[in-house]
2 protein chains.
Amino acid sequence: MRPKSVEKEQAIRTIALKIIQEEGLENLSMQKLAKAANISPRTIYIKYADKEDLLIKLFIDEVLGEYEKAVLEKFDEKMDFAEGVKRIWLNTFRYFKTNRQAFALMQYGNSSPLLTKAFKERNIQEGQFFAPIHKFYKTNISKKIIKNFPVEVCRALLMSPIFNLMNEYFEHLDRPKQIITERLILESCDVVIKGMII
Amino acid sequence: MRPKSVEKEQAIRTIALKIIQEEGLENLSMQKLAKAANISPRTIYIKYADKEDLLIKLFIDEVLGEYEKAVLEKFDEKMDFAEGVKRIWLNTFRYFKTNRQAFALMQYGNSSPLLTKAFKERNIQEGQFFAPIHKFYKTNISKKIIKNFPVEVCRALLMSPIFNLMNEYFEHLDRPKQIITERLILESCDVVIKGMII
DNA sequence: CAAATATAAGTAAACGTTTATTTACTTACT
DNA sequence: AGTAAGTAAATAAACGTTTACTTATATTTG
């Protein structure tokens, strides 16, 4: 029996993300992807049931999964609150800085119904994409270090600015001067922390 | 000469937004739109040069323009900082609460290359979609009420959480209990304000 | 003041192209 | 030698857009 080619599988994922970042999710087609990866369209269907299956697996494994790994590096839910949030912010900034393609697909998670559905199901079903961070919020709430908000609200208040700044970082890549530096990220993080602590 | 039908023009825009919210931007086609609006595909092309033209005009006029009007209501750039931010947050929450379709397309502004391009060009060219708010930031910076950040960073810190909470609001519509109330929005706003002031 | 005319708005049906996916066949490895 | 992985080419459906024609009304004419 002929074995599956791992390189082809990887090429599909890499090139799909590349097309999504450069041309947008709406301009990714199975035939374009096959041609760019130098394979037959059929080959994609050996590895994925259909386009939806490919996109959901890309989003979950390649984007959410990899980001989760990166964001939790050197993070411990027992960390001091300010320290923990700074760790998360820095990990986020450093990871996406060198993974623009993952960030591009991540952004579609807030708009494309397919991906929001996939995200919701995965998060409810397996429960815990970012469980350590959720625990971190809850611990700091019960220790009365931060205000008592639902975790969704904690995430909105603590995390949405860094994603927005990330966006700003990439938009400034095409301009003469980059204003989003690591230093500015940390200063912004301080603002968010200061607001949150009691 | 036969006059243009205003109702048909309006139907196109309304139904396009409806399809985008219900099925996603990627599932809006000219033929589907025409059928849903009970008109011939050709009619759309009398009013818009092509699909891109339609989408950009929808985004700029129907979404950004209407939101700008709503967000600036009873807002004055000379307002006290906390009061001004609360006004903006409440206007945002109340507007999108009853305009879910506009919010759905707004979200694509952070992912679809077509719309990010349109947004950038419009913002640079005509300059001032949210000029009063930008002035408000700058005034409060020079009065040393808030920290000295570039306006893009002010926007990320002050505005991104309310958009995220808006998203959470709509996701909770399908669930048994709504956790995102006006009260919670105002409490979240206090957090953001507290972080920002010196 | 009504009938005739001009003309853009509108329609139904088609255009060629691209889409996701499949069929029929070949290849490479156990 | 057997078998799943892979290819090239084809499928039907859907895509954005256009063609050829009809309709409705503002203006011109009698």
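Chain letters run A, B, ... following the sequence lines, proteins first, then strands; residues in each count from 1.
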Using the closest heavy atom to pick a nucleotide of DNA chain C for each, name whichever of Val6(B) or Ser29(A) lands nearer the 5' end. Val6(B)

If you count the non-hydrogen atoms of other residues, nucleotides and ligands that lie under 6.0 Å from NZ in Lys18(A), is the total more than 12? no

Nucleotide dG6(D), atom C1' - distance to CD of Glu9(A) in whole Å: 14 Å

Rounded to whole Å, the OH-P distance (Tyr45(A) to dA10(D)) equals 18 Å

Does the side chain of Ile197(B) reach to within under 4.5 Å of the side chain of Lys147(B), using non-hydrogen atoms? no

So for Ser40(A) and dA8(D), does any side-chain atom that can act as donor or acceptor lie under 3.5 Å from a complementary atom in the base? yes

Please determine whether a side-chain nitrogen or oxygen atom of Thr43(A) lies at a distance below 4.0 Å from atom OP1 or OP2 of dA5(D). no

Expressed in angstrom and rounded to an integer, what is the separation of Ile12(A) atom CD1 from dG6(D) atom C1'? 11 Å

Could you tell me how far apart Glu52(B) (CD) and dC15(D) (C1') are, to the nearest whole angstrom? 16 Å

Around atom NZ of Lys51(B), are there more than 12 heavy atoms from other residues, nucleotides or ligands closer than 6.0 Å? yes

Which nucleotide in the set dA12(C), dT17(D), dA8(D) lies at the smallest distance from any side-chain heavy atom of Arg42(A)? dA8(D)

State which of dG10(C), dG16(D), dT21(C) makes the closest approach to the side chain of Gln31(A). dT21(C)

Going by an N to O cut-off under 4.0 Å, is there a salt bridge joining Glu83(B) and Arg87(B)? no

Within the structure, does a side-chain N or O atom of Lys47(B) lie under 4.0 Å from either OP1 or OP2 of dG10(C)? yes

Roughly, in whole Å, what's the span from NZ in Lys32(A) to C1' in dC15(D)? 14 Å

If you draw a 6.0 Å radius around CD in Gln10(A), do more than 12 non-hydrogen atoms from other residues or ligands fall strictly inside? yes

Counting only side-chain heavy atoms from C-beta out, which of dT7(D), dG10(C), dT19(C) sits nearest to Ile46(A)? dT7(D)

Which part of the nucleic acid does Ile44(A) contact within heavy-atom distance under 4.0 Å: base, sugar-phosphate only, or nothing? nothing

With heavy atoms under 4.0 Å as the rule, sort Lys8(B) into base, sugar-phosphate or nothing. sugar-phosphate

